> 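Take this structure, written in structure tokens, and hold onto it; I'll ask about it next.
None of the values given here were measured: they were computed from a predicted structure. One-based numbering along the sequence shown.
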Amino acid sequence: MLRPKIPTMPQPTGLTTPPAVIEPTTITPGTPVPTPVAPAPSRPVVQLTPSTMLALVGAGTAAVLVLGAVLVSLLLAVAVTGASVAVCAVVLRSVLASEAKRR
């Protein structure tokens, strides 16, 4: 019924260039290959002294403590919001139930 048409590859039209001929190069044994020299570092190497290490540890500890305090405060805000929504739901349910009993 429905048969897909398979596309055929058209033949190239126009001018085609013949493939380039690659000539082999001769390698003479015994000639040393120059080794590249590593460039000198453009900036000095950082020296870590004990006081620098202590400062880094202190900064890392402070960052972890600040991040922990922020995350705990966000969690506490979510918990307080959830609790207040739950209290509002209980109060509304109570008011609606007492209103239905009066009728």
Side-chain angles (χ1 to χ4, degrees):
M1 217 160 123
L2 296 174
R3 293 186 182 163
K5 289 185 178 181
I6 300 174
T8 58
M9 292 293 293
Q11 294 297 324
T13 59
L15 299 174
T16 60
T17 57
V21 178
I22 300 173
E23 296 180 7
T25 57
T26 58
I27 300 174
T28 57
T31 56
V33 178
T35 57
V37 177
S42 59
R43 58 184 183 147
V45 179
V46 176
Q47 299 283 333
L48 293 179
T49 61
S51 61
T52 306
M53 288 297 293
L54 189 62
L56 286 175
V57 169
T61 303
V64 167
L65 289 176
V66 167
L67 184 65
V70 168
L71 291 178
V72 167
S73 65
L74 286 174
L75 182 64
L76 184 63
V78 169
V80 167
T81 304
S84 65
V85 168
V87 168
C88 289
V90 169
V91 168
L92 281 175
R93 182 174 146 191
S94 171
V95 168
L96 291 176
S98 66
E99 188 71 31
K101 286 183 182 179
R102 288 184 188 175
R103 289 186 179 187

> Taking side-chain hydrogen bond (donor to acceptor under 3.5 Å, both in side chains) as the cut-off, I'd like each qualifying pair that reaches into residues 49-58, sequence neighbours left out, listed once.
T49-S51, T49-T52
> Could you tell me which residues satisfy side-chain hydrogen bond (donor to acceptor under 3.5 Å, both in side chains) with S94, sequence neighbours excluded, listed by chain and number?
none
> Tell me which donor-acceptor pairs under 3.5 Å the side chains of residues 78-88 have, and how far apart each pair is, sequence neighbours excluded?
residue	atom	partner	partner atom	Å
T81	OG1	A77	O	2.8
S84	OG	V80	O	3.3
S84	OG	T81	O	2.8

> Can you give me every donor-acceptor pair (side chain of residues 54-71, partner residue at least two apart or in another chain, under 3.5 Å) with its distance?
residue	atom	partner	partner atom	Å
T61	OG1	V57	O	2.8

